[in-house]
Amino acid sequence: MSDRALGTGSGAGVSVRNAVSLKLLPAALVSLSGFVLFVLEERIPGYGLLAVALALAGFIDRALLRDLALIAAGLVAISLVPITTDISTEHMLVMGTAMILAVGVPYTMSRFVFKDHGVRFPVLTGHPWTRAEKWYLAAVVVMGYALLPAYMVNTGVYNNWPAVSDPEGIFRLFLGTNALGIWDELFFICTVFALLRRHLPLGQANLLQAVLFTSFLWELGFHAWAPVFIFPFALLQAYIFTRTKSLSYIVAVHLLFDFVLFLVLLHAHNRAWIDIFVY
């Protein structure tokens, strides 16, 4: 996929090549709104920040307004439902619907209304993964094994996830962790990061999406010192996406990490199970 497909080429605007531009201010306000909505859990101030951001973007650049509005639509959609680890059918349907809208509305508007293809989900890229990329997948499992047990168990954060021991509950937990991991990449990387990258340099766009990524996972239940590793993970995922231009690869990375998380959660709630972790 070309740079233009990712919204990072010259067609995205000259400001992409500048260190700082006025476009950074409304984009930063959108990112800040995510912190207010998801970490502080304050809807009115969060929506207010989104409104101010869009108003400023309208004065600065029409294309910026359009792309920030797509991000805002996704943020509003997901903020209207409880963001929890509840795996009941009712909650999974409600939160799942919001997640679909958060990704589907920006994609549909970008492709069929604006027709600029600013949001894409490159699965079949035609490029095989390199040896380094394959080794990194193995490294992700090792890092997850070294990090997640100590974090989840020693902080007690695992209690933010339901305790399951029956087959149906285990399946629901597995389904929930995997679905959420895929959605994180679809929204924060392929949608938010890609749209920001059309107007901002790589570093700025990456930092802003990482704030949103981390804020959302905080509300989901990743408390204590989780931002210490989630924020760098979000930065790295966007950087890898920029290099590989492959949704398939960053999803593989995320799901491997989440598989370790799934095993740790089962062990934390049932200490005799999967007793292979050190913490």
Side-chain angles (χ1 to χ4, degrees), residues 27-51 53 68 70-88 90-106 147-148 151-152 155-163 172-173 175-193 196 206-235 237-238 254-255 257-258 261-262 264-265 268-269:
L29 288 177
V30 169
S31 184
L32 178 61
S33 75
F35 177 84
V36 174
L37 287 169
F38 302 130
V39 177
L40 303 183
E41 299 185 30
E42 295 287 346
R43 287 187 182 178
I44 301 304
Y47 297 153
L49 284 171
L50 284 176
L68 291 185
L70 294 181
I71 297 173
L75 292 175
V76 170
I78 197 65
S79 71
L80 290 175
V81 302
I83 301 173
T84 71
T85 56
D86 182 0
I87 55 175
S88 67
E90 180 182 2
H91 180 71
M92 292 179 78
L93 287 175
V94 169
M95 189 168 168
T97 299
M99 290 163 63
I100 291 171
L101 289 174
V103 171
V105 169
L147 176 66
L148 288 173
Y151 163 66
M152 300 296 292
T155 64
V157 168
Y158 70 90
N159 288 305
N160 292 336
W161 278 257
R172 285 174 177 270
L173 180 63
L175 178 63
T177 54
N178 279 272
L180 187 65
I182 295 171
W183 181 83
D184 286 340
E185 305 303 329
L186 291 175
F187 183 66
F188 295 110
I189 305 300
C190 290
T191 302
V192 173
F193 173 69
L196 290 175
N206 202 359
L207 285 171
L208 295 184
Q209 73 79 20
V211 169
L212 290 172
F213 198 126
T214 307
S215 298
F216 173 79
L217 289 183
W218 176 275
E219 183 168 3
L220 184 70
F222 286 91
H223 296 166
W225 49 271
V228 173
F229 65 87
I230 290 177
F231 192 80
F233 178 77
L235 292 173
Q237 286 293 88
H254 200 135
L255 292 188
F257 197 77
D258 280 357
L261 170 66
F262 167 73
V264 171
L265 288 172
H269 285 291

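Because the structure is predicted, anything quoted here is derived from the model rather than measured.
Looking at F193 and L208, their side chains never come closer than 4.5 Å, going by heavy atoms from C-beta outward. Between T155 and H223 the shortest side-chain heavy-atom distance does not fall below 4.5 Å. The shortest side-chain heavy-atom distance between Y47 and L37 falls under the 4.5 Å cut-off. Using a 4.5 Å heavy-atom cutoff, the side chains of L207 and F231 are in contact. Residues D184 and Q237 have side chains not in contact (no heavy-atom distance under 4.5 Å, counting atoms from C-beta outward). By the 4.5 Å heavy-atom criterion applied to side chains, L68 and L196 are counted as neighbours.
Taking all atoms of both residues into account, the shortest heavy-atom contact from L235 to A210 is CD2-CB, 3.7 Å. In terms of heavy-atom proximity, I189 sits nearest to Q209 at CD1-OE1, 3.6 Å. A98 and A77 make their closest contact through CB-O, 3.5 Å (heavy atoms, listed as atom of the first residue, atom of the second, distance). In this structure, S215 and F38 approach most closely via the heavy-atom pair O-CB, 3.3 Å. Here the closest heavy-atom approach between residue P227 and residue P232 is recorded as O-CD, 3.7 Å. Closest heavy-atom contact between I87 and R172: O-NH1, 3.0 Å.
Separating the CG atom in L255 from the CD atom in E185 is a distance of 8.5 Å, to the nearest 0.5 Å. Rounding to the nearest 0.5 angstrom, the gap separating the NE2 atom in H91 from the OG1 atom in T85 is 7.5 Å. The OG1 atom of T84 lies 6.5 Å from the CE atom of M95; values are rounded to the nearest 0.5 Å. The CZ atom of F222 sits 11.0 Å away from atom OG1 of T214, with the distance rounded to the nearest 0.5 Å. How far OG1 of T191 is from CG of L186: 7.0 Å, rounded to the nearest 0.5 Å. The CD1 atom of I78 sits 10.0 Å away from the CD1 atom of I100 when rounded to the nearest 0.5 Å.
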>> With side-chain contact (heavy atoms from CB on, under 4.5 Å) as the criterion, how do V264 and W161 come out once you've worked through the C-alpha distance, each side chain's angles and the decisive distance to 0.1 Å?
In response: CA-CA 11 Å; V264 171; W161 278 257; over 6 Å; no

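Using a 30° and 60° split on the angle between ring planes, W183 and F187 fall in the parallel class, below 30°.
Side chain of S31 to backbone of A28: no donor-acceptor contact under 3.5 angstrom is found. Using a distance-only test at 3.5 Å, with no hydrogens or angles considered, a donor-acceptor pair links the side chain of H269 to the main chain of Y158.
Checked against L148 for a side-chain contact (heavy atoms from CB on, under 4.5 Å), the options L261, L265, D258 give a single hit: L261.
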